[in-house]
Every structure is written in C-alpha cells, then in structure tokens.
Amino acid sequence: MHALFDSPLRVIALCVAVLCIVPASVMSMRQMLNLRSNDASAGIRALEALWSVIPVVGLLGLLIWAGLA
Amino acid sequence: MSSGVIGAPSRGGVSTIAGEYLKLTKPRVISLLLFTTLAAMFTAQHGVPNGWLIVWTMLGGYLAAGGANAINHYVDRDIDGHMKRTDARPVVAGSVTPRRALVFGLGCGICAAVILALAANELTAVLAVTGLAVYVGIYTLWLKRSTVHNIVIGGAAGAFPPLVGWAAVAGHLGLYAWLLFAVVFYWTPPHFWALALLLQKDYAAAGVPMLPVVHGEDATRRQIFLWTLVMTGVTLLPCAAGLAGWTYLVGALILNSVFVVMAYRLMRTPTQSMARITFHYSLIYLALIFVAMAVDAI
C-alpha cells in the first residue's frame, strides 16, 4: 500500500470523498435536527438528536481511518 | 388461507407449507444481501474462495437473514395487515401461526450460528447472529415504530452480510471490511426513503413513522439527495485508503454519477415514477458497486 501523498489515486479519492461527505452530512444533520418536533419530551428530542449525529460521527471516523491507513 | 393447511397437509400440502415458510424468510430481499456477502468473500480472498466455504457461508447467511425476517413477521403481525405490501404475509394470512413463525425464525438463527461456526469460524457466526439481533432488537422492536431515523440506524442490520462474507474468508475484520459495512449502511437511507415515497400511505395507515409520513415528501427528497452524496463519498474510501485501485474507482464514479443525477432529478421533479426509478436503480447500484470491488480485488 502506498503512503497517502505518494499515490495520486489515494489523494484524488480522499479529496472527492471529503467534498461529498462533509457538506452533505452537515446539511443532512442540520435539516434533521431542525425537523424535530417541539411537542416531544426532552428525552425523545435528545434521542432524535443522537440518531442524527451518530452517522456523522461514523463518517468522520471512517475518513480519518481511511486517510491514515 | 386457513390455518388448517398446517394441521392437515394433503396433496400438494407439504409444498404449500414449505412455500409459506420460505415466504417468511423474504427470499427476494435476502438475495441482494447474499450477493454482498459473496462479493465480500471474493474481495477478501483477492480471488476465488473455496467452493465449499462459499456454499456454507451462503447457507448460513441465508438462514441468519431469513430467521431475522421470520421473527420480524411475528413481531409486526399487528401492523402488516394494515399495509397492502404486507397484508398477504403468511402470519397475517393465517397460513403460519405466530408462534410457529417465531420458533422457525429462532431455529433458523441457531442453525445459521452452528453452520457458520463449524464451516467458517466463530467470528462469522457471531457477526451473523449480531446482524439478526440488530434487525429484530434495534430495528423491529425499538426504532421502527418510534423514530424517523428507524431505517438509518436500523439499517446497520443490513450491513452485516458483507462482514459475514469477509470474516468467513479472512477470519478477522480490517478497515476494508468496515468500509463495505459503511457502503451498505449509507446506501440504506436513500434506498428505503425512495421506497417510502412510493408506500407512504401504507406506512401512515400502519402508524410507522417513515420520513415522508412525518416530515413530508420535500424533506424526504432533500434527504435522499444529501445521503446519496454522502454514500458517494463513502464508496470512494476504499481507494482513499489504498485498498482498491483505478478499476474500482472508475466503476464507482460511473455508478455514483448516475445515482446522484437520479437523486437530484427526484428532488427537482417530485413524481412517483422518478421515486420508482431511483428505488430500482438503487438495487442495481448496490449489486454493481460490490461487483466492481470484487473485480478490482481479483
């Protein structure tokens, strides 16, 4: 396996992945957080927020793991 | 169909009963999951895996996923009758009793664990059973009826099959295996929300809080587009990690470009036919992206 900056393939793929993932995941998360019902209890709202955030945290972890591999 | 079919099999009765139990496993849904398992095996092997290992892993994978689906029929029997898509399922129709569906599902799960542990390894068995547990416990029993995020978080269950395939060949899980998991995980929301746009009346009637039912079609179409972009990025990570080559990158870029254009058109042209096209393409897309990975690895 080539080091990240020795491989054009790795650099190109990582750049495109970051450009796709970061803005889209933040926009998706923000929309879902804004859509939460104000009538719901604090516990349910917190849980809904957690479900919105978990996939984004996972994405950040994958990006870092892939970049450092 | 009456439950008497079960008690008194006559000419053709045995095959009818077998057919009803086969329906409990949702074979059409499982076929795509098993395809991801198979492709993961080829990718992990960097070639053609042992034939018998393929056979036993496919059988174990089918039984684990089929068992999860049978238990899902048992748990959801109260709402399946309210949906056109599910009102003919064996438990709702009465051709299999709820108790027998549950026992059948649990039995399939146990058989899957035994087969995979003996024919592959313990890790493979644990992953298959964990996938079953996530589908039944996290998705069906907890999230499906309680949150619009049901298929996002619960979608993790459908991402276990490639892990099963990888573990069967490699005996351990590395970055590439988890990237395969992520591809299916982040593919699931645009796939299921496109379906939910088509079936939202059914879901509303059954009281299932799918995204279009709770927050409307516009929000759903926007989420489909955004998640398609996210999924596109995720499918490029095997190349970013140096685990896949140009062959896969070119294939992934072509497949993703089509998906992104479809999701964009769905967002701008809110028609049922566009939702249907997007849903059907998503099925082909997942199969082909895994083919691209396997071909690149071989």
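Just the heavy atoms: all of them, side chains too, but no hydrogens, waters or symmetry mates, feed the values below. So that the names make sense, note that chain A is the first sequence line, chain B the second, and so on, each numbered from 1.
- Across B:L175, B:L236, B:L211, the residue that shares the most heavy-atom pairs under 4.5 angstrom with chain A is B:L175.
- B:L237 touches chain A through backbone and side chain together, each having a heavy atom under 4.5 Å away.
- Looking only at heavy-atom pairs under 4.5 Å with chain B, the residue among A:L9, A:V18, A:L14 that has the most is A:L9.
- Ranked by heavy-atom pairs shorter than 4.5 Å toward chain A, the options B:G245, B:A252, B:P189 are led by B:G245.
- Other residues, nucleotides and ligands place more than 12 heavy atoms under 6.0 Å from the CZ atom of B:F42.
- The contact between B:A244 and chain A is made entirely by backbone atoms, counting heavy-atom distances below 4.5 Å.
- Partners of A:V53 by side-chain contact (heavy atoms from CB on, under 4.5 Å), not counting sequence neighbours, listed by chain and number: A:M29, A:V57.
- Contacts between A:I12 and chain B at a heavy-atom distance below 4.5 Å involve the side chain alone, from C-beta outward.
- Using a 4.5 Å cut-off between non-hydrogen atoms, the part of residues 140-154 of chain B that approaches chain A consists of B:W142, B:L143, B:S146, B:T147, B:V148, B:H149, B:V152, B:I153.
- Proximity to chain A at a heavy-atom threshold of 4.5 Å picks out B:W178, B:L179, B:A182, B:F185 from residues 177-185 of chain B, in numerical order.
- Of the two parts of A:I44, neither the backbone nor the side chain holds a non-hydrogen atom closer than 4.5 Å to a non-hydrogen atom of chain B.
- By a heavy-atom distance cut of under 4.5 Å, B:A219, B:R222, B:Q223, B:L226, B:W227, B:L229, B:V230, B:T232, B:G233 are the residues of residues 218-233 of chain B near chain A, going up by number.
- Of all heavy-atom pairs spanning B:A241 and A:A69, the tightest one is O-CB, 3.9 Å.
- Counting non-hydrogen atoms of other residues, nucleotides and ligands closer than 6.0 Å to OH of B:Y264 gives a total of 12 or fewer.
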